[in-house]
Amino acid sequence: MTTILSLTSSFKFVVKENTPRRGAKRSEFINQYEPNKQKTFNSGRTFRFQSELSIGKTNLSRQMEDFVSYVESGSVEKALQLFDEMNERSSFLWNLIIRVLTNSGFFEEALDLYFRMSIEGTKADNFTFPFVIKACGGCLDHDVGRKIHSKLFKDGLDLDLHISNSLILMYAKLGCIGSAEKVFDEMPIRDLVSWNSMINGYIMISDGLASFMCVRKMQQYNMRPDRFTIMSTLHASSLVCSLPKGKEIHALTIKSKLECNPMVQTSLIDMYGKCGGMCYAERFFNMISQRHIASWNAMIRGYALNGRPLESFSCLRKMQENGCKPDNVSLINLLLSCSQVGSVLMGKTVHGYAIRMEFLSHIVLETALIDMYGKCGEPRLAELAFNRMHQRNLISRNTLIASLVQNGLYKDALKFFWDIWNDGLKPDAMTITGILPVYSEIAQLREGKQLHGYIVKSGFCSNTFVLNSLTYMYAKCGDLVSARDMFDGIFLKDVISWNTIIMAYAIHGYGEVSVKLFSKMKKMGIKPNASTFVSLLSSCSVSGMVEEGWKYFNSMKSEYGIDPDIEHYGCMLDLLGRVGDLNRAKQLITEMPLEPTSRIWGSLLAASRRHRDLEVAEFAAKKMLPLEHDNTGLYVLLSNLYAETGRWEDVKRIKSLMKSRGLTKTVGVTMVDVKGKTFRFTNEDRSHEHSHLIYDVLDIILKNPRGDLSKFKPIDLLRKMSKSTDRHSVRLARNSGWRFEDLSPFQNG
DNA sequence: TTAGGGTTAG
């Protein structure tokens, strides 16, 4: 027989360990508990097992008393030490030790002790299983969970009230809501906990409506809601973002005399914050006599979620004045406000405070720091914060990848993405949605397709977020057909899916299709948001649909209650500029209720250049210059316009102005991916050995805008090319056995 | 001894 001798406090972080209970042979399992063998768990705890020791001197009843008190107070280490010293362990003692481990979050250890219990000959009973099942849910161990359920079925214990209640929650935690419902339906007797577990189960899978329906059904069975029911339904209200529903539950809380419960109070503030009712949250919060830290934190978060970041900081000050010290959660919530303001200085202050108060390392806080640095435009600081973490998980990696992508550091993002596999982890849907924009930006369709293959293999194909990103990736990489395929394959299309496909057709110049898709979207009952109109107005712009453009622009406020933002005005200006209505464009700028940005003036400038209107161009440039004096594009645009109208003196003036201000022309680079190799080329670039050939084909392509190039067989192209004066390129093409897809512009990629 | 709990990162 082996016993646990001691629990060392060496917090060594073990990334992944295959515990023998997963499909291992029984002998292997027993083997790990050999005398003097040490075992480290994922939690970082290390147990050492030694041969049986006899103590015998201790007064048994006193020992038992101490043991129970350690378990009651959650003193895991002391309880384990005492458990270790006990010679005879009844199922009662085993149940207690498994209970304390599970309730302290040592799920893996609790499961190991459960297996040891049976090996040592003590039978698990109806008191053991609720905690063992909870441990399975805690460490998301689907296999063990199902195996234990089968064993319970065989032993006839599966219908026990407490065991069934635990099974409902375990299945919900594992995302198997169907299994949870089955357990619930088959229960011969259900108590309030059963109903609460099912209600909470729906919350776990983010199904607020199902949760409400379950509450209604529960009331039909004459079950009166308790504080757990109230907390869950408040959570459900936040999930469906329904303030009226939340208020209804607040009324029920008062009726049920549960309003004074601190946890219910926090849930109420949280619900109001998440449903956009901060005034109700404030009113309620001011009524509370004894404010708990969680209530303060819920207020701080509420302000951040409602776009009132500065007030979340004043709330923190008030909290401190009231003698309540901020904790990890307060700082996590504050970081959200820092990101909203985009103030890295405020973020650094929070970071510094966290270090001084010794809140680090804390994985959630550290991840929030990475996110803040990324959103504040400091990807290198995000990376630094990541590198300093003692423990990293998939979420912290995903956050770093998203931060790098947001800030255009695509190569670094890819490196961290591949590191996920190297570190033995598996990317999840969030990783995929984080990294996919990289392939869109660098237009690497081949790699993008490879990732698509991984998505299919990993079963993320039903995830709307993933499919939205794939739609965008294909559209940006020029493969509109695949983009449409992706969109059509989305089972639950959300507003982002529709916005993406509308934008996809817009960027390919098919504005009419975008408009049709918008009508379809409305028919399907999807409510457009501000981004929908950016996509839609861009579509009208690319296709020069002025009337439709105005119609949609005007409907934003009147039909959908959306105030046009600067981006929408920008789209309208692009549209007016494209059709050459410069006067109307100028009028729109003067009439708009927002302060024109350089983007707005830039749009007018580009339009006036296109229509060779020097007067409007100079007007726009004068307005733009104070806002963006270092915008090279502005100077270049103006200089080109002067050149086109033959004002060479002005061209010289602009060029010397650029020189004196230290501005150099930014070169635009186009990248083409051909057979796995990326080629970059710039305007008028003739560095490639086949540049004659390339320019000839380019000429053919340009003469066939919007034409279906696939119908051109290589021989046709060659025939067309043979008419070209450059015989050399044709000969070269024939000799090299050139095919259309072999167009490899410049091999300096 | 039994089950369910507030605010918390992408």
Side-chain angles (χ1 to χ4, degrees), chain A residues 67-68 71-72 90-100 102-103 125-134 137 160-170 172-173 191-201 203-204 226-232 234-235 238 261-271 273-274 292-302 304-305 327-336 339 362-372 374-375 382 385 389 392-403 405-406 428-435 465:
Chain A
F67 180 65
V68 172
V71 170
E72 292 297 332
S90 59
S91 60
F92 171 73
L93 290 177
W94 278 104
N95 291 349
L96 279 180
I97 197 71
I98 292 172
R99 183 183 114 179
V100 75
T102 301
N103 288 345
D125 57 19
N126 55 328
F127 290 102
T128 327
F129 285 108
F131 299 109
V132 174
I133 294 165
K134 188 181 174 182
D160 175 276
L161 182 66
H162 292 108
I163 289 175
S164 298
N165 288 346
S166 318
L167 281 171
I168 293 170
L169 274 175
M170 179 197 78
K173 269 186 193 154
D191 66 355
L192 187 57
V193 179
S194 323
W195 285 97
N196 282 345
S197 302
M198 206 53 237
I199 293 163
N200 206 13
I203 302 281
M204 283 170 186
D226 67 350
R227 63 191 173 114
F228 294 109
T229 327
I230 295 287
M231 283 192 287
S232 296
L234 286 170
H235 197 151
S238 321
N261 182 290
M263 288 185 191
V264 173
Q265 287 173 342
T266 308
S267 297
L268 273 165
I269 297 167
D270 178 58
M271 177 276 295
K274 283 179 180 157
H292 195 263
I293 186 157
S295 318
W296 283 102
N297 288 345
M299 284 299 288
I300 295 173
R301 186 154 185 88
L305 289 175
D327 66 355
N328 279 317
V329 182
S330 324
L331 302 194
I332 291 162
N333 293 342
L334 277 177
L335 287 170
L336 189 67
S339 310
H362 182 279
I363 196 160
V364 181
L365 178 56
E366 284 168 317
T367 309
L369 280 167
I370 297 170
D371 183 55
M372 177 275 296
K375 288 194 174 132
M389 287 175 88
R392 301 174 190 115
N393 60 11
L394 191 59
I395 303 179
S396 50
R397 282 162 210 274
N398 290 351
T399 311
L400 178 69
I401 290 170
S403 301
V405 174
Q406 276 161 24
D428 66 359
M430 277 293 182
T431 324
I432 304 295
T433 39
I435 202 69
F465 291 118

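Just the heavy atoms: all of them, side chains too, but no hydrogens, waters or symmetry mates, feed the values below. A note on names: the letters A, B, ... follow the listed sequences, proteins ahead of strands, and every chain is numbered from 1. Predicted, not measured: the structure shown is a model, and the values here were computed from it.
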Has the side chain of A:D226 got a donor or acceptor that lies under 3.5 Å from a partner of the other kind on the base of B:dG4? yes
Closest approach to the side chain of A:D125, judged atom by atom: which nucleotide of B:dA9, B:dT1, B:dT8 is it? B:dT1
Can you check whether any acceptor in the base of B:dG6 is under 3.5 Å from a donor in the side chain of A:H292, or vice versa? yes
Side chain of A:V364: nearest nucleotide among B:dG6, B:dT8, B:dG4? B:dT8
Check whether any side-chain N or O of A:R301 sits under 4.0 Å from OP1 or OP2 of B:dA9, and answer yes or no. yes
Name the nucleic acid region contacted by A:M231, choosing base, sugar-phosphate or nothing; use a 4.0 angstrom heavy-atom cut-off, strictly under. sugar-phosphate
Tell me: CD1 of A:I203 to P of B:dG6, nearest whole Å? 11 Å
Nucleotide B:dT7, atom P - distance to CE of A:M299 in whole Å: 16 Å
Quickly work out the A:M170 CE to B:dG4 C1' distance and round it to whole Å. 15 Å
What residues, two or more places apart in sequence or in another chain, satisfy ring pair (Phe, Tyr, Trp, His ring centres under 6.0 Å) together with A:W94? A:F83
How close or far is atom C1' of B:dT8 from atom CG of A:L336, stated in whole angstroms? 11 Å
Taken to the nearest whole Å, NZ/A:K375 to C1'/B:dA9 is 9 Å
B:dG6 OP1/OP2 closer than 4.0 Å to side-chain N/O of A:K274: no
Minimum-distance nucleotide to A:S197 side chain [options: B:dG4, B:dT7, B:dT1]: B:dG4
Rounded off to whole Å, could you give me the CG-to-P distance for the A:N165 and B:dG4 pair? 9 Å
Considering only side-chain heavy atoms of A:A368, which listed nucleotide, B:dT8, B:dT1, B:dA9, is closest? B:dA9
Name the nucleic acid region contacted by A:N328, choosing base, sugar-phosphate or nothing; use a 4.0 angstrom heavy-atom cut-off, strictly under. nothing
Would you mind classifying the nucleic acid contact of A:D327 as base, sugar-phosphate or nothing, using non-hydrogen atoms under 4.0 angstrom? nothing
Those residues that, when tested against A:K375, pass salt bridge (charged side-chain N to carboxylate O under 4.0 Å, His left out) (two or more places apart): A:D371
Categorize A:D371 for me: base, sugar-phosphate, or nothing, with a 4.0 angstrom heavy-atom threshold over every strand shown. sugar-phosphate
Would you classify A:D160 as touching base, sugar-phosphate or nothing, given that sugar-phosphate means primed atoms plus P, OP1 and OP2, and contacts are heavy atoms under 4.0 Å? nothing
A:L336 side chain near A:L305 side chain, heavy-atom distance below 4.5 Å: yes
Taking atom types as modelled, find out whether A:D226 and A:T229 have a side-chain donor-acceptor pair closer than 3.5 angstrom. yes
Over how many whole Å does the gap from A:M204 atom CE to B:dG6 atom P extend? 9 Å
For A:I395, answer base if it contacts any base atom (sugar-phosphate contacts may also be present), sugar-phosphate if it contacts only those atoms, and nothing otherwise; contact means non-hydrogen atoms under 4.0 Å. base
Checking side chain to side chain contact (heavy atoms under 4.5 Å, CB included) against A:N333, which of A:L331, A:L335, A:V329 comes through? A:V329
Indicate, with a heavy-atom threshold strictly under 4.0 Å, whether A:N196 touches base, sugar-phosphate, or nothing. base
I'd like to know whether A:F129 forms a side-chain contact (heavy atoms from CB on, under 4.5 Å) with A:L167, so could you lay out the CA-CA distance, the side-chain angles of the two residues, the decisive distance to 0.1 Å, and finally the verdict. CA-CA 9 Å; A:F129 285 108; A:L167 281 171; over 6 Å; no
Side-chain contact check for A:F92: nearest option of B:dT1, B:dT2, B:dG6 is B:dT1
Measuring from the side chain of A:H235 (C-beta onward, heavy atoms only), which nucleotide among B:dT7, B:dA9, B:dG4 has the closest atom? B:dT7
Please determine if a side-chain N or O atom of A:K134 lies less than 4.0 Å away from the OP1 or OP2 oxygen of B:dT2. no
Determine whether the side chains of A:T431 and A:D428 contain a donor N or O and an acceptor N or O closer than 3.5 Å. yes
Starting the side chain at C-beta, find the nucleotide from B:dG6, B:dG4, B:dA9 nearest to A:S295. B:dG6
Return yes if the base of B:dG6 and the side-chain atoms of A:S267 contain a donor-acceptor N/O pair under 3.5 Å, otherwise no. no
Once you round it to whole Å, what is the distance between C1' of B:dT7 and CG of A:N297? 6 Å
